[in-house]
Amino acid sequence: LGDTAGAVRIFRQSLAIQRLLGDVKGQADTLNNLGRLYKQQGKYREALDSLTSALRTFERFGNPAVAELKGNLGATYADAGQFGKALPLIVAATPLLSAAENKEPFASATVTLGDLYFVLGNLTEARKSYDNALASARSVGMRRIESRVLNNIGRVELLTGGLETS
């Protein structure tokens, strides 16, 4: 990462100006960016606070980024070990992301969904989610996600006795 402290400072300056101007959409965008940065730093409480505030605003104004933000928030809850809060957000986000033109957020969300099902012991649903993520990643050449998903499918295979499709 680059200068994360500097980025946080700049995002906070931007947020202060947006609040003075009453730019609610700008505030939500900045809170989303700030939340993603906090997540990268492992500051999950701050990330969850920022992302939750952004999501509330996006939902209130019907912003099309709601699906991606739900995915980000769900992934942050998952990273923080709060699987019960993560699962409904990711479940809600995936059909919306599936319809979007950019398939990377969908692939990322379905990997996270598979990971959640895996951790919760539902290997059948984990495998379905991983299969969806793999197809999505392959359709647009996202090799990094493809590799991660194949690894995850291998873990499911080890626990279930294997399926011939991987």
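Only this structure's heavy atoms are used, side chains among them; waters, hydrogens and symmetry mates stay out. Bear in mind that the values here come from a model prediction, so they are computed numbers and not experimental data.
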If I take atom [atom1] from residue [X] and atom [atom2] from residue [Y], how far apart are they, to the nearest 0.5 angstrom?
X	Y	atom1	atom2	value
Y117	K128	OH	NZ	9.0 Å
L69	N32	CG	CG	5.0 Å
L120	D115	CG	CG	10.5 Å
S147	N152	OG	CG	9.5 Å
Y77	T112	OH	OG1	15.0 Å
L123	E157	CG	CD	10.0 Å

- [ ] Taking side-chain contact (heavy atoms from CB on, under 4.5 Å) as the test, write out the residues that go with E46, two or more places apart.
- [x] Y38, K43

Taking the side chain as every heavy atom from C-beta outward, state whether [X] and [Y] have any pair of such atoms under 4.5 Å apart.
X	Y	result
L113	L87	yes
D131	T110	no
K25	T57	no
E104	V140	no
F58	D29	yes

- [ ] Show your reasoning for whether side-chain hydrogen bond (donor to acceptor under 3.5 Å, both in side chains) applies to Q18 and T30.
- [x] CA-CA 9 Å; Q18 291 160 341; T30 300; 3.0 Å; yes

TODO: Mind listing the closest non-hydrogen atom pair of A126 and V156 along with its distance?
DONE: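 Taking A126 first and V156 second, the nearest heavy atoms are CB-CG2, 4.4 Å.
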
Open item on the list: Under 3.5 Å, is there a donor on one side chain and an acceptor on the other for T4 and Q40?
Closed with: no

TODO: State plainly whether the residues R56 and E59 are in salt-bridge range, i.e. N to O under 4.0 Å.
DONE: no

